Structures are given as structure tokens and as C-alpha cells.
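Being a predicted model, the structure only gives us computed values, none of them experimental. Each ligand, and each atom within it, is numbered from 1 in the order the structure gives. For reference, positions follow the sequence shown, starting with 1. Side-chain atoms are counted along with the backbone in the values below, which use heavy atoms only and exclude waters and symmetry mates.
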Amino acid sequence: MEKKRRIKITGTGFYVPDQILTNADLEKMVDTTDEWIVSRSGIRERHIASAEQATSDLCIEAVKKTLRNSHLEVKDIDLIIVATSTPDTLFPSTACRVQQGLQADHVPAFDISAGCTGFLYGLIISESLILSGCVKRILLVGSELLTKITNWKDRSTCVLFGDAAGAVVLEESKDDSGMLSSYWKADGNLGDLLIQPAGGSRMPASVQTVAESLHTLKMKGNEVFKHAVKRMGEAAEEALKKVGLKKEDVDVFIAHQANIRIIDAVGERLSIPKEKVYVNIDRYGNVSVASIPIALHELRQHKKLKPGTIILMDAFGAGFTWAAVVYRW
Ligand code: UT7
């Protein structure tokens, strides 16, 4: 029988800015408590970019570490994809800024906008591009600088987010390891529940939009929460079904780190025991597209990924978008 072709992650790395904002710091900024934030979200601290840093700066730091970790050089990369909802500018793309910063001459580069699901969308797109023969090696970066579009007066959102970038190198697998299956969906009907309303063509920037803080992130948190649990559960089940695996076959569950209660609820729905569920939201907050590549790198560093380990990645985000990927390490 012909061997199934698949793509594989051959490098990982991430970057978080040095400055840490703790829940105690937030208690001084808005009417909140460490107790509320920890019990409702699981977050204890988050990293915050400096005023000078833009999303591409975070990407470049993450990419440099990733290339170093994988003993590769910029010249070894054929395509740069950046998943982000907080681009440096609406155009040119953040990926082009990364290409510029890396001096990755003539390599194509583009962004994906799929909210917190962007990294998994990126894996799915990369699979097609590599297996079709279009490119050999892709640098996929998930980077978000949400604190630049945070309304620091809105306690329901400002306690949640952090800044970070995570990257992976992707190429065709030469063995049995790699991406086994995927499932991706979107529902634009619910887009207004998680949105940055102003600054695009629907509501261009004006003095009024700035005065009304419409360039900051708005979220109906409890609505988003319900959809996230349902959709992430569905995506995981569909992706496992496609490859004929059962929930018990999952060794490591990496859910997008938006809220510990979402992660726990999806884990319970899938009957995945807690020791298989990776959690780092306490240290980074919700870093959107960066959360899954950071988890992958940390798991590797802690030697938790062995040949044959079955990883289930699962995400939900603005759009709404949701996706799951089943992967054999
Ligand atoms: O990344 C992808 C998408 N994002 C998500 O998946 C996030 C999904 N949503 C969530 O994680 C949760 O909905 C939140 C953490 C945002 C909020 O938790 P919740 O349990 O859904 O709280 P809630 O919005 O229903 O608010 C409960 C109460 C409200 O007070 P009343 O009306 O009950 O008196 C809020 O005003 O908590 C209040 N509240 C706060 N209190 C202290 C909201 N934010 C805070 C705060 N500190 N920071």
C-alpha cells in the first residue's frame, strides 16, 4: 500500500516580552481581584510588549530562536506565514515585515486572519502547500500583541490577554510521524461577539471612534465561552474520527489557552484525563495564536513528546473560527 504523505513539525520556538503584568498589578488598575481572575480564567500573570514593539518584532524573536533550535538558517525557508489578528499595519502584511527583518530575500510571505484559530488554520494550509509540491519548508508563526488593542478600563477583557509569538518549521515527513488529520470551520454570523470594531473599512478611524475606544477589543465573554466549549468539542471529535482514533488514544491535549474553565470543560466532554491536558495559561494569559506553538515547544523542552505520542490540538477564536488537528510526534 502506498505510504500516506504528511507534514511534520521539525522546529519549534517562542518569544515572550520581558515585562510581566501580574494580577496584583491589575488590581491597582481596575476594579478586580486576583481571586476573581484566577478562579474565572486561570490566569496569574501575562507578558506585555514594550511601547516600541510591534507584532513582527515578536515574530522575528520567535523565528530566530526556532531556527537556532532546528539548526536551520533563513536561507533554508521557502515561505513565511504569520497568523495574527494584531498585524503591525492593515497592510503591508506582518509576514512581509518578518521577511524584511530576517532578510529572507524573495521568499513569499502572507498573513492569515483567523482569530485564535489562526495557528491551526496555518497548519492546514501548510499541509496543502507542502504536499502539493508548491514549497518544501514553511515557517509558520503565530503572533499576537493584544495588549495594544486592549481597553485598559474594561475589566472584563483587560485581565485576559498577553503578548507572545510562537513559531514552527514545517516540511514533509519522511517517516510515520506528522499531521494525521484536521477539521476546520467558521461561522461569520457570530462575528460581532468578539471584534475590534473600528479601524477597518466598515468603520474607518475617526476622532469619534478613538474617543469611544472602538479600536479596542470588544468581547461578550460568556457568549464566546459557550460557543468555544461546544465547537472545540465538535472539532476534536471530528478530527479524531477522520483518522479512526478514539479519545483514549490521545496522549497530549493542547487546547487554545483562552480560559482554564474552557480547557477543563472541553477536556471533560472528551473524557481526556487532566494529566494529559497541557496548561500554561497561568503564566501567559490568552496569547491567541501563540498559545499552541508555545505549548508544543514547552512540551518538547520538558521531553513530554516521544516518538508516537498522539497530540490533539484544538482552538476557537474570532470569526468565529474553530479547528482541530491530530498529530503523531
Ligand atoms: O480566545 C478566544 C476567545 N475568547 C474566549 O474564549 C474567552 C471566553 N470567555 C471567558 O473566558 C469568560 O467569559 C470571561 C473570563 C471573559 C468572563 O468570565 P464569566 O464567568 O463568563 O463572567 P461574566 O462575564 O459572566 O461576568 C460575571 C461577573 C459580572 O458581574 P455581575 O454582572 O455578575 O455583577 C462581571 O461584571 O463578573 C464581573 N466581572 C469581573 N469582576 C471582577 C467581569 N470581569 C471582572 C473582573 N474582575 N476582571
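Contacts between Asn222 and ligand 1, counted as non-hydrogen atom pairs separated by less than 4.0 Å, involve both the backbone and the side chain. Only the side chain of Leu194 comes within 4.0 Å of ligand 1, judged by heavy-atom distances. With a 4.0 Å heavy-atom cut-off, ligand 1 is reached by the side chain of Asn286 but not by its N, CA, C or O.
Hydrophobic cluster membership is shared by Phe225 and Trp36, with clusters built from Ile, Leu, Val, Met, Phe, Trp and Tyr side chains linked at under 4.5 angstrom. Both Ile43 and Phe316 sit in one connected hydrophobic cluster of ILVMFWY residues. Membership requires side-chain heavy atoms under 4.5 Å apart, directly or through other members. Taken together through direct or relayed side-chain contacts under 4.5 Å among Ile, Leu, Val, Met, Phe, Trp and Tyr, Val252 and Ile272 form parts of separate hydrophobic clusters.
Numbered from 1 in the order shown, with element, the atoms of ligand 1 that lie under 4.0 Å from a heavy atom of Arg261 read 18 (O), 19 (P), 20 (O). Per-residue contacts place Met219 under 4.0 angstrom from the following atoms of ligand 1 (heavy atoms of the residue considered): 4 (N), 7 (C). Set against the non-hydrogen atoms of Ala258, the atoms of ligand 1 under 4.0 Å away are 1 (O), 5 (C), 6 (O). Atom numbering of ligand 1 starts at 1 in the shown order; those under 4.0 Å from a heavy atom of Ile262 are 6 (O), 8 (C). Atoms of ligand 1 lying under 4.0 Å from any heavy atom of Phe316, numbered from 1 in the order shown and given with element: 2 (C). Residue-ligand proximity, Val159 to ligand 1, at heavy-atom distances under 4.0 Å covers atoms 48 (N). Below 4.0 Å from some heavy atom of Asn259 lie the following atoms of ligand 1, by number and element: 10 (C), 11 (O), 12 (C), 15 (C). Atoms of ligand 1 found under 4.0 Å from any heavy atom of Thr32 (numbered from 1 in listed order, with element): 42 (C), 46 (C), 47 (N), 48 (N).
Atom 26 (O) of ligand 1 has its nearest heavy-atom neighbour, among Glu27, Arg40, His227, Lys220, in Arg40. The residue from Lys226, Glu144, Arg155 that puts a heavy atom closest to atom 48 (N) of ligand 1 is Arg155. Of the listed options Gly221, Gly42, Ser156, Gly221 places a heavy atom closest to atom 8 (C) of ligand 1.
What you find for Ser143 and Thr86 is that their closest heavy atoms are O-OG1, 4.2 Å.
The protein reaches atom 20 (O) of ligand 1 closely, with a heavy atom under 4.0 angstrom from it. Closer than 4.0 Å to atom 6 (O) of ligand 1 lies at least one heavy atom of the protein. Atom 44 (N) of ligand 1 lies below 4.0 Å from at least one non-hydrogen atom of the protein. Protein non-hydrogen atoms do reach within 4.0 Å of atom 38 (C) of ligand 1. Distance check on atom 33 (O) of ligand 1: every protein heavy atom falls at or beyond the 4.0 Å cut-off.
Using a distance-only test at 3.5 Å, with no hydrogens or angles considered, a donor-acceptor pair links the side chain of Lys148 to the main chain of Ala51.
For the residue pair Glu237 and Tyr183, no side-chain donor N or O sits within less than 3.5 Å of a side-chain acceptor on the partner. Residues Thr117 and His256 bring no donor and acceptor atom of their side chains to less than 3.5 Å of each other.
Classification of the His227-Phe320 ring pair by plane angle, with boundaries at 30° and 60°, yields tilted.
At least one heavy atom of Cys116 sits less than 4.0 Å from an atom of ligand 1. Using a 4.0 Å heavy-atom cutoff, Leu160 is listed among the residues neighbouring ligand 1.
Counting protein heavy atoms only, atom 17 (C) of ligand 1 is closest to Trp36 CH2, 3.9 Å.
Ring centroid separation for the pair Trp329 and Tyr327 comes in under the 6.0 Å cut-off.
Atoms CG and CD, on Asp105 and Gln100 in that order, are 11.0 Å from each other to the nearest 0.5 Å.
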Worked check of salt bridge (charged side-chain N to carboxylate O under 4.0 Å, His left out) between Asp251 and Lys306:
CA-CA 10 Å; Asp251 297 310; Lys306 311 231 156 41; over 6 Å; no
Pair Glu234-Lys230, salt bridge (charged side-chain N to carboxylate O under 4.0 Å, His left out): steps then yes or no
CA-CA 6 Å; Glu234 275 169 24; Lys230 183 165 180 271; 3.6 Å; yes
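Only one option out of Val289, Leu139, Val141 pairs with Val82 in a side-chain contact (heavy atoms from CB on, under 4.5 Å); it is Val141.
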